[in-house]
**Student:** 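My questions will all concern the structure given below.
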Amino acid sequence: MSSFLTGVDQRTSLAGMNRMELLLFTIKGKQLFGINVFKVREVIRTPHISPVPKSDARIVGVADIRGQTMPMIDLAKALDLEAIEPENYSKSLTIVTEFNSSVQGFLVEDVDRIVHLRWEDILAPPASLMGVNYLTGITRAQNQIVEIVDVEKVLVEVSGSSTELSEEYITRHKSVTNGRDYFVLGADDSVVARNQLKGVLDRMGISNKIVNNGKLALDFLKKWADDADKGLADKVSNRVLMVISDIEMPEMDGYTLTTSIRKDDRLKDLYVILNSSLSGGFNDTLTEKVGANVFLSKWHSDELAETIVARIEEVERAMIA
């Protein structure tokens with residue numbers, strides 16, 4: 001199964017070109033699901049699983065994989081589908097993933113193949129399902145619909161980890177805006193990440209708008225730039241403190257969004273943070289290449305808040321000067 005994941009360097013080069021590769025798999029029946037290859041370490045036959053007392057029901061136990069213990073999550077259970085019976089674990093496959101600064105295995109029925117796609121070929125789920133499903137996108141492959149699973153949401157739920165600002169941070173920074181009306185535009189395809197980002201900004205007293213992909217973010221910025229051109233509003237760089245964008249998103253990824261911002265004379269001075277659950281040095285390299293100001297790993301709310309505070313202080317020093 002590891003042959004699925006050869007050519008990592010080639011896949012890394014796709015980033016920044018609004019392209020990605022999707023690992024297709026089945027959970028139960030013929031419906032195809034997908035996960036970005038960048039999140040996948042390897043695909044293996046499910047090893048022996050040892051139960052963990054009092055764990056979330058979706059965590060079926062832990063396994064030792066190449067000398068590393070990791071939680072094993074039944075993806076069918078997580079998505080309210082028919083769970084894999086314990087006696088059939090040995091017949092299933094495990095997708096070993098790394099994101100959110102952790103490694104975990106997802107049990108699936110079978111793995112199909114890897115397909116090469118453009119982000120614009122991936123659509124956001126219907127608006128009526130936003131916030132109530134476990135999908136970040138929908139596309140087509142092999143003449144059928146493929147549902148891209150929000151594995152970040154699954155992991156946050158089963159781990160019980162908090163994505164809120166710590167009380168220590170709130171105590172240290174009782175007021176960060178100094179009464180000024182700052183605005184932040186965010187973009188992320190994960191409902192959990194959008195809620196986290198909005199929660200951080202709301203707690204900091206910063207006005208915000210959070211959309212679910214890079215194209216919507218760019219359209220929003222261009223609309224504000226058009227208003228400025230018509231004399232209906234101030235220029236965008238005076239109205240927007242920063243843009244905080246995920247990297248993996250339907251229709252337009254964060255790298256392409258940043259590149260588009262830098263190419264537009266009306267937007268090029270905006271401060272851009274790329275925020276991703278993906279690990280790897282290529283993020284820092286591509287962040288610099290596309291012209292983003294900062295790369296941050298997701299799910300560290302205090303670190304995100306500190307970066308926002310530092311930017312506010314920088315802006316205020318410039319005002320005084």
Side-chain angles (χ1 to χ4, degrees), residues 5 8 10-25 33-41 75 95 97-104 106 114-125 130 133-141 146-156 163 185-197 210-218 243-261 272-287 289-290 292 294-300 304:
L5 303 175
V8 173
Q10 182 180 357
R11 290 193 173 93
T12 299
S13 69
L14 296 176
M17 299 173 64
N18 214 38
R19 297 178 183 178
M20 56 93 75
E21 285 188 317
L22 201 64
L23 176 65
L24 305 183
F25 58 92
F33 295 88
I35 181 173
N36 192 330
V37 168
F38 273 137
K39 288 188 170 82
V40 180
R41 270 194 175 186
L75 200 50
I95 301 175
T97 64
E98 182 175 8
F99 59 93
N100 293 12
S101 303
S102 67
V103 178
Q104 49 282 316
F106 288 98
I114 287 174
V115 292
H116 182 183
L117 299 169
R118 299 173 301 171
W119 276 111
E120 55 260 40
D121 295 329
I122 299 173
L123 303 177
M130 287 298 175
N133 70 87
Y134 287 82
L135 304 180
T136 61
I138 295 173
T139 190
R140 294 192 68 87
V146 177
E147 300 178 351
I148 303 174
V149 180
D150 190 350
V151 288
E152 296 176 13
K153 180 177 181 180
V154 172
L155 182 60
V156 167
T163 60
L185 175 64
D188 203 296
D189 65 338
S190 170
V191 63
V192 174
R194 291 197 300 274
N195 290 339
Q196 179 207 20
L197 180 55
I210 316 296
V211 298
N212 60 19
N213 65 63
K215 184 177 183 301
L216 291 176
L218 186 61
V243 177
I244 302 176
S245 175
D246 185 21
I247 291 176
E248 304 175 87
M249 293 181 289
E251 298 193 58
M252 180 182 288
D253 67 17
Y255 293 131
T256 305
L257 169 62
T258 306
T259 299
S260 299
I261 287 172
V272 179
I273 293 177
L274 289 178
N275 191 31
S276 176
S277 63
L278 299 176
S279 59
F282 65 89
N283 279 323
D284 294 322
T285 301
L286 279 167
T287 294
K289 179 180 176 181
V290 300
V294 177
F295 170 80
L296 291 177
S297 296
K298 268 187 188 177
W299 316 112
H300 302 291
L304 174 59

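All values derive from a computational prediction rather than experimental measurement. For reference, positions follow the sequence shown, starting with 1. Values below: all heavy atoms of this structure, side chains included; hydrogens, waters and symmetry mates excluded.
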**Student:** Regarding Thr139 and Asp121, do their side chains bring together a donor and an acceptor under 3.5 Å, going by distance alone?
**Tutor:**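 On atom types as modelled, these side chains do not qualify, holding no pair under 3.5 Å.
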**Student:** Check the pair Phe33, Ile148 against side-chain contact (heavy atoms from CB on, under 4.5 Å), reporting the backbone distance first and the verdict last.
**Tutor:** CA-CA 6 Å; Phe33 295 88; Ile148 303 174; over 6 Å; no
**Student:** Is there side-chain contact between Val103 and Arg41, with heavy atoms separated by less than 4.5 Å?
**Tutor:**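 Yes, side chains in contact.
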**Student:** Hey, mind stepping through Glu152 and Lys39 against salt bridge (Lys or Arg N to Asp or Glu O under 4.0 Å) and telling me if it holds?
**Tutor:** CA-CA 10 Å; Glu152 296 176 13; Lys39 288 188 170 82; 3.6 Å; yes
**Student:** Checking side-chain contact (heavy atoms from CB on, under 4.5 Å) against Val290, which of Leu257, Val272, Ile261, Thr258 comes through?
**Tutor:**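 Result for side-chain contact (heavy atoms from CB on, under 4.5 Å) with Val290: Thr258.
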**Student:** Roughly how far, to the nearest 0.5 Å, is OG1 of Thr136 from CG of Asn212?
**Tutor:**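 One finds 10.0 Å between CG of Asn212 and OG1 of Thr136.
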**Student:** Apply side-chain contact (heavy atoms from CB on, under 4.5 Å) to the pair Ile114 and Val37, showing each step before the final yes or no.
**Tutor:** CA-CA 8 Å; Ile114 287 174; Val37 168; 3.8 Å; yes
**Student:** So, taking the atom named CD1 in Ile247 and the one named CG in Asp189, what distance separates them when rounded to the nearest 0.5 Å?
**Tutor:**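 Nearest 0.5 Å value for the CD1-CG distance: 11.5 Å.
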**Student:** Can you tell if the side chain of Gln104 reaches within under 4.5 Å of the side chain of Leu155, non-hydrogen atoms only?
**Tutor:**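 Yes, side chains in contact.
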**Student:** Is any side-chain heavy atom of Phe25 closer than 4.5 Å to a side-chain heavy atom of Ile95?
**Tutor:**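 Side chain of Phe25 against side chain of Ile95, heavy atoms only: contact under 4.5 Å found.
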**Student:** Would you name the heavy atoms of Pro250 and Gly137 that are closest together and state the gap between them?
**Tutor:**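 Heavy atoms of Pro250 and Gly137 come nearest at CG-CA, 4.4 Å.
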**Student:** Which pair of heavy atoms, one from Val146 and one from Gly34, lies closest together, and at what distance?
**Tutor:**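 What the structure gives for the nearest pair is CG1-N, 3.9 Å.
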**Student:** Using the rule given for side-chain contact (heavy atoms from CB on, under 4.5 Å), can you reason through Ile122 versus Glu251, listing the C-alpha separation, both sets of side-chain angles and the distance that settles it, and then say yes or no?
**Tutor:** CA-CA 6 Å; Ile122 299 173; Glu251 298 193 58; over 6 Å; no
**Student:** How about Trp119 and Lys215: do any of their side-chain heavy atoms sit closer than 4.5 Å?
**Tutor:**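 A side-chain contact under 4.5 Å is absent here.
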**Student:** Could you tell me the separation between the CD atom of Glu147 and the CD1 atom of Ile138, rounded to the nearest 0.5 Å?
**Tutor:**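 Glu147 CD to Ile138 CD1: 6.0 Å, rounded to 0.5 Å.
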**Student:** Go through the steps for Ile35 and Val151 under the test side-chain contact (heavy atoms from CB on, under 4.5 Å), then give the verdict.
**Tutor:** CA-CA 8 Å; Ile35 181 173; Val151 288; 4.1 Å; yes
**Student:** Taking atom CZ of Arg140 and atom CG of Leu123, what is their separation to the nearest 0.5 Å?
**Tutor:**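 CG of Leu123 is found 10.5 Å from CZ of Arg140.
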**Student:** Looking at side-chain heavy atoms only, is the closest gap between Asn36 and Phe99 below 4.5 Å?
**Tutor:**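 When only atoms from C-beta onward are counted, Phe99 and Asn36 do not touch, as no gap falls below 4.5 Å.
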**Student:** Between the side chain of Asp253 and the main-chain N/O of Met249, is any donor-acceptor distance below 3.5 Å?
**Tutor:**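 Not a single qualifying donor-acceptor pair exists.
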**Student:** Is a side-chain N or O of Arg194 found less than 3.5 angstrom from the main chain of Asp188, in a donor-acceptor match?
**Tutor:**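 Between the backbone of Asp188 and the side chain of Arg194 there is a qualifying donor-acceptor contact (under 3.5 Å).
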**Student:** Would a 4.5 Å heavy-atom cut-off, applied to side chains only, mark Leu218 and Met252 as touching?
**Tutor:**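 Yes, their side chains come closer than 4.5 Å.
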**Student:** In the structure I gave you, are the side-chain heavy atoms of Leu274 and Leu296 within less than 4.5 Å of one another anywhere?
**Tutor:**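 A side-chain contact under 4.5 Å is absent here.
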**Student:** So, do Ser190 and Asp150 sit near enough that their side-chain heavy atoms are less than 4.5 Å apart?
**Tutor:**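 Answer yes - side chains close enough.
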